[in-house]
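The structure appears below as structure tokens.
Scope of the values below: all heavy atoms of this structure, side chains included, with no hydrogens, waters or symmetry mates. Remember, it's a predicted structure, so these values are computed and weren't measured experimentally.
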Amino acid sequence: MKQPFEKVVAWHGVTVLRVCRALLGVHDADDAWSETFLSALRAYPDLPETANVEAWLVTIARRKAIDVHRATKRNAVAVEALPETPSDLGVPGGDDTDLWDAVVRLPDKQRQAVTYRYLAGMSHAEIAAILGGTVDAARRAAADGLNTLRKGYPGAHAKGASS
């Protein structure tokens with residue numbers, strides 16, 4: 001016969017809290033602990049009587065910790081002071097309009113290949129599939145476009161354009 005869920009919390013609560021603290025630190029552990037037992041409460045009626053309840057709870061806690069880590073990566077990071085001036089890097093209408101003008105003047109295939117490769121991070125094979133043609137042709141178009149930009153735009157090489 002299954003134990004009442006209140007007893008499960010009393011018996012295994014400390015272990016689950018230790019796991020949460022080890023994986024997340026003190027600040028996020030309490031929330032993960034609560035989320036673990038809320039999830040467990042929903043699933044407890046379907047848990048087989050022969051199941052290892054402690055291992056089951058630790059597995060849930062580990063997954064909740066992963067969720068917290070993922071959510072942390074998506075959230076903004078608090079800083080004490082904001083930068084003095086906002087960056088306009090990559091913002092349309094920023095100070096780099098001459099670079100965008102140089103990109104626009106490239107032939108169509110080169111402009112598209114440079115854009116897909118260096119702004120979207122696509123592979124040459126993906127670019128070839130979009131533009132039509134071979135992987136070598138896509139690689140050549142991207143390289144030629146980048147060389148044209150390096151010759152015609154003085155800061156292109158120094159700002160980290162790489163092949």
Taking side chain as C-beta onward, heavy atoms only, is L106 less than 4.5 Å from T148?
yes
Do K64 and S39 come close enough that some side-chain heavy atom pair is under 4.5 Å?
yes
Steps toward side-chain contact (heavy atoms from CB on, under 4.5 Å) verdict (T15, L57)
CA-CA 9 Å; T15 302; L57 289 169; over 6 Å; no
[Y] backbone acceptor or donor facing [X] side chain under 3.5 Å:
| X | Y | value |
| --- | --- | --- |
| E126 | S123 | yes |
| K2 | P45 | yes |
| H69 | L23 | yes |
| R21 | A29 | no |

About how many Å separate [atom2] of [Y] and [atom1] of [X], when rounded to the nearest 0.5 Å?
| X | Y | atom1 | atom2 | result |
| --- | --- | --- | --- | --- |
| Q110 | L149 | CD | CG | 8.5 Å |
| Q112 | M122 | CD | CE | 11.5 Å |
| R70 | N75 | CZ | CG | 14.0 Å |
| Y116 | I130 | OH | CD1 | 5.0 Å |

Testing the basics here: between [X] and [Y], what is the closest heavy-atom pair and its distance to 0.1 Å?
| X | Y | value |
| --- | --- | --- |
| G13 | W33 | O-NE1, 2.9 Å |
| A142 | V114 | O-CG2, 3.7 Å |
| A65 | L24 | O-CD2, 3.6 Å |
| A61 | T36 | CA-OG1, 3.3 Å |
| H12 | V53 | CD2-CG1, 4.0 Å |
| I127 | A138 | CG2-CB, 3.8 Å |

According to salt bridge (Lys or Arg N to Asp or Glu O under 4.0 Å), who are the partners of D46, at least two apart in sequence or on a separate chain?
none
Single-linkage hydrophobic cluster, 4.5 Å side-chain cutoff, W11 and V9 together
no
Are V16 and L38 grouped together when hydrophobic residues (ILVMFWY) are joined by side-chain heavy atoms under 4.5 angstrom apart?
no
Before you tell me yes or no, could you show the steps for I60 and F37 under side-chain contact (heavy atoms from CB on, under 4.5 Å), namely the whole-Å CA-CA distance, both residues' side-chain angles and the distance that decides it to 0.1 Å?
CA-CA 8 Å; I60 295 171; F37 281 105; over 6 Å; no
Classify the angle between the aromatic ring planes of Y44 and W56 as parallel (below 30°), tilted (30 to 60°) or perpendicular (above 60°).
tilted
D30 and L17: side-chain contact (heavy atoms from CB on, under 4.5 Å), yes or no, with the steps?
CA-CA 7 Å; D30 291 340; L17 184 59; 3.8 Å; yes
With sequence neighbours left out, which residue pairs that include part of residues 133-147 fulfil the salt bridge (Lys or Arg N to Asp or Glu O under 4.0 Å) condition?
D136-R139, R140-D144
Might you work through the side-chain contact (heavy atoms from CB on, under 4.5 Å) test for R117 and H124, ending with a clear yes or no?
CA-CA 7 Å; R117 178 72 179 153; H124 291 106; 3.5 Å; yes
